[in-house]
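In what follows, a single structure is set out as structure tokens and then discussed.
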Amino acid sequence: MPIAANYAALTPHFENAEEAMGRLIARATASDLVEVRMSTEVRSVEGGLGDWSITVEGPDGSAVIDCGAVILATGFQHFDPGGETQMYGYYEYPDVIALQDLEAMLKTENVVRPSNGETPTRLCFVQCVGSRDRQIGNEYCSKVCCGVASKEAIEVRKLLPDCEVFIFYIDMRMYGYWENDIYWPAQEQHRVQYIKGIVTEVLAKGDRLLVRGEDTTMGRPMEVPMDIVVLSVGMEPSAGTRTLAQLFGVQQNKFGFIDSVKAPMDTVTTSVQGVFVCGAALGPADLEDCASSGAASAVKAITSLRLRTVAG
Ligand SMILES: Cc1cc2nc3c(=O)[nH]c(=O)nc-3n(C[C@H](O)[C@H](O)[C@H](O)COP(=O)(O)OP(=O)(O)OC[C@H]3O[C@@H](n4cnc5c(N)ncnc54)[C@H](O)[C@@H]3O)c2cc1C
Ligand code: SF4
């Protein structure tokens, strides 16, 4: 996702996303122990622990892959903020964008109002779009969006020092050390303005946007003009996560993410023997979580095969 979705710099250390991910891709593709099949889809699966037969379809036709264990790493997709329950005008107003849209602009160091190409003087983030929302059934917190929005806010302030940047939040949920890495520097060094409030809708007013809601600290309605509104969209299971979960018959939670049935001490074992899961297919996660569960799932997969050999 970080490359496909044009993430610019990674939270929390501002490392170039393409370079960081590129190193991992280069190691995998250069290894004799790894076979990478691009643009290839799993069509059907048979078997179980120790003898899976997986039929795949790719550019060279279909093939059957025999393997002992499987790790599902099919990740997430961004919440669609333009659904009918969402009153932000994402598909209506060009200057209403999502986190990943701003990432793409930051990557080219060209943050402008999509409607007219002008440099914004007021930009805000709206937190928890598609997360922590009982109405739509996504009650979970997506974990990364407070940190990612704060990181992007810093980048906008550095790139456009004359642009005021606001973050409207319900609660700020910084993740571990991200508090010191991102949150305090955003306020103290970069003058990002955090406003505790609930945004109910975004409207057009003249050639600007009007953000309407309630300032919950002051306990009064608010209406603030903006040039760009950035929606901090949450994470949902990807289509691939849903499809492969069904093909392998692994248990999913009510949101569609794959369940780790031995959590919390074992976060990667699914309900089907010989099938493991890692990364954001498990639920909202940052890259550190994904690297940890990726390594854990590899170890679990190998161990399951070794134990089977010893027992057999
Ligand atoms: C806007 C935004 C910004 C973020 N920025 C950061 C950040 O700066 N730092 C950070 O730590 N975290 C960040 N995150 C979180 C981070 O993106 C995720 O933790 C991470 O990408 C999850 O990795 P993953 O490999 O599990 O899943 P993904 O990145 O979703 O990758 C899954 C891969 O599986 C492939 N796939 C899916 N289905 C199939 C299928 N059926 N067959 C074959 N392949 C398939 C997909 O094409 C994709 O390549 C951000 C999240 C968002 C929403
Ligand atoms: S990380 Fe922040 S923006 Fe994202 S769902 Fe949690 S509280 Fe909301």
Side-chain angles (χ1 to χ4, degrees), residues 1-17 20-21 24-25 36-43 45 54 56-58 70-79 81 97-104 106-107 125-133 138-152 155 167-178 181-183 194 196 198-199 230-248 257-258 268 277-294 297:
M1 182 67 82
I3 294 179
N6 285 311
Y7 296 175
L10 294 178
T11 316
H13 301 305
F14 295 88
E15 189 179 5
N16 180 298
M21 304 309 294
L24 296 180
I25 293 169
V36 179
R37 292 184 182 228
M38 303 294 282
S39 306
T40 301
E41 279 190 33
V42 176
R43 292 282 189 230
V45 303
I54 300 177
V56 297
E57 184 89 30
V70 174
I71 299 171
L72 303 176
T74 40
F76 76 101
Q77 65 192 28
H78 299 105
F79 174 75
I97 61 175
L99 281 180
Q100 66 275 20
D101 304 322
L102 181 56
E103 286 285 345
L106 288 165
K107 198 168 178 177
F125 294 82
V126 178
Q127 298 304 102
C128 297
V129 174
S131 311
R132 305 178 65 201
D133 185 339
N138 284 1
E139 296 97 350
Y140 54 87
C141 167
S142 287
K143 275 190 181 176
V144 298
C145 8
C146 278
V148 172
S150 299
K151 181 221 64 159
E152 291 185 12
E155 289 175 297
I167 297 184
F168 295 109
Y169 67 96
I170 306 174
D171 317 293
M172 276 323 267
R173 294 191 169 170
M174 284 291 159
Y175 204 23
Y177 300 128
W178 289 15
D181 290 335
I182 299 284
Y183 178 62
Y194 287 79
K196 192 171 172 67
I198 295 171
V199 172
V230 186
L231 305 175
S232 290
V233 291
M235 298 165 89
E236 288 188 327
S238 70
T241 292
R242 290 179 193 275
T243 307
L244 287 194
Q246 274 163 21
L247 276 175
F248 282 95
F257 291 109
I258 296 172
V268 296
V277 56
C278 67
L282 276 160
D286 76 339
L287 291 168
E288 279 185 20
D289 291 340
C290 296
S292 304
S293 62
S297 61

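Every number for a ligand or one of its atoms is a count from 1 in the order of the listing. Along the sequence shown, residues carry numbers from 1. Because only heavy atoms are used, hydrogens play no part in the values below, and waters and symmetry mates are left out as well, while side chains stay in.
Q127 has its side chain within reach of I167: a pair of non-hydrogen atoms, C-beta onward, lies under 4.5 Å apart. Looking at heavy atoms from C-beta onward, V45 lies out of side-chain contact with V70 at the 4.5 angstrom threshold. Residues S232 and L99 form a side-chain contact, since some pair of their non-hydrogen atoms from C-beta on lies under 4.5 Å apart. A heavy-atom distance below 4.5 Å is not found between the side chains of F125 and S150. Proximity of I258 to L282: side-chain heavy atoms (C-beta onward) are nowhere separated by under 4.5 Å.
Listed by atom number, the atoms of ligand 1 under 4.0 Å from G279 heavy atoms are 26 (O). Short contacts between ligand 1 and A285, defined as distances under 4.0 Å to a heavy atom of the residue, involve ligand atoms 15 (C), 18 (C), 19 (O). Short contacts between ligand 2 and D171, defined as distances under 4.0 Å to a heavy atom of the residue, involve ligand atoms 7 (S).
Proximity of H78 to ligand 1, defined as any heavy-atom pair under 4.0 Å, is confined to the side chain (atoms from C-beta onward). Counting heavy atoms under 4.0 Å from ligand 2, residue I170 does not touch it at all. Only the side chain of V144 comes within contact range of ligand 1, with a heavy atom under 4.0 Å; no backbone atom does.
The main-chain N or O of G279 is found under 3.5 Å from a side-chain atom of S293 such that the two form a donor-acceptor pair. S297 places no side-chain N or O within 3.5 Å of a backbone atom of V268 that could act as its donor or acceptor partner. The closest donor-acceptor contact from the side chain of T40 to the backbone of M38 lies under 3.5 Å. With hydrogens and angles ignored, the 3.5 Å screen pairs a side-chain donor or acceptor of E103 with a backbone N or O of A8. Using a distance-only test at 3.5 Å, with no hydrogens or angles considered, no donor-acceptor pair links the side chain of D133 to the main chain of G130. Checked by atom type and distance alone, the side chain of S142 never pairs as donor or acceptor with a backbone atom of P284 at under 3.5 Å.
Of all protein heavy atoms, the one lying nearest to atom 11 (O) of ligand 1 is L287 N, 2.8 Å. With hydrogens left out, the protein atom closest to atom 39 (C) of ligand 1 is T74 CG2, 3.5 Å, a heavy atom. Of the protein's heavy atoms, T40 O, 4.3 Å lies nearest to atom 42 (N) of ligand 1. Of the protein's heavy atoms, V148 CG2, 3.4 Å lies nearest to atom 5 (N) of ligand 1. The shortest contact between atom 9 (N) of ligand 1 and any protein heavy atom is with T11 O, 3.1 Å. The nearest heavy-atom contact from the protein to atom 51 (C) of ligand 1 is Y7 OH, 3.4 Å. Looking from atom 31 (O) of ligand 1 to the surrounding protein, the closest heavy atom is M1 N, 4.0 Å. Nearest non-hydrogen protein atom to atom 22 (C) of ligand 1 is C290 SG, 3.4 Å.
Nearest to atom 26 (O) of ligand 1 by heavy atom, out of A4, A280, P2, C145, is A280. Which of P237, A73, G75, G240 comes nearest to atom 34 (O) of ligand 1 through a heavy atom is settled by distance: it is A73.
Closest non-hydrogen pair, V129 versus F79, comes out as O-CD2, 3.7 Å. In terms of heavy atoms, F76 sits closest to A280 at CD2-CB, 3.8 Å.
In this structure, atom 29 (O) of ligand 1 has protein heavy atoms in its sub-4.0 angstrom surroundings. For atom 46 (C) of ligand 1, the nearest protein heavy atom lies 4.0 Å away or farther. At a distance under 4.0 Å, a protein heavy atom can be found next to atom 18 (C) of ligand 1.
The N/O atoms of L244, backbone and side chain alike, include none that comes under 3.5 Å of an N/O atom in ligand 1.
Contacts of E155 classified as side chain to side chain donor-acceptor pair (under 3.5 Å), with partners at least two apart in sequence or in another chain: K151.
Dense packing is recorded around CD of E57, with more than 12 heavy atoms of other residues, nucleotides or ligands lying under 6.0 Å away.
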Item to check | Working for side-chain contact (heavy atoms from CB on, under 4.5 Å), residues T241 and L72 | outcome: CA-CA 8 Å; T241 292; L72 303 176; over 6 Å; no
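Only protein N, O or S atoms were scored, and 1 of them lie under 2.8 Å from atom 4 (Fe) of ligand 2.
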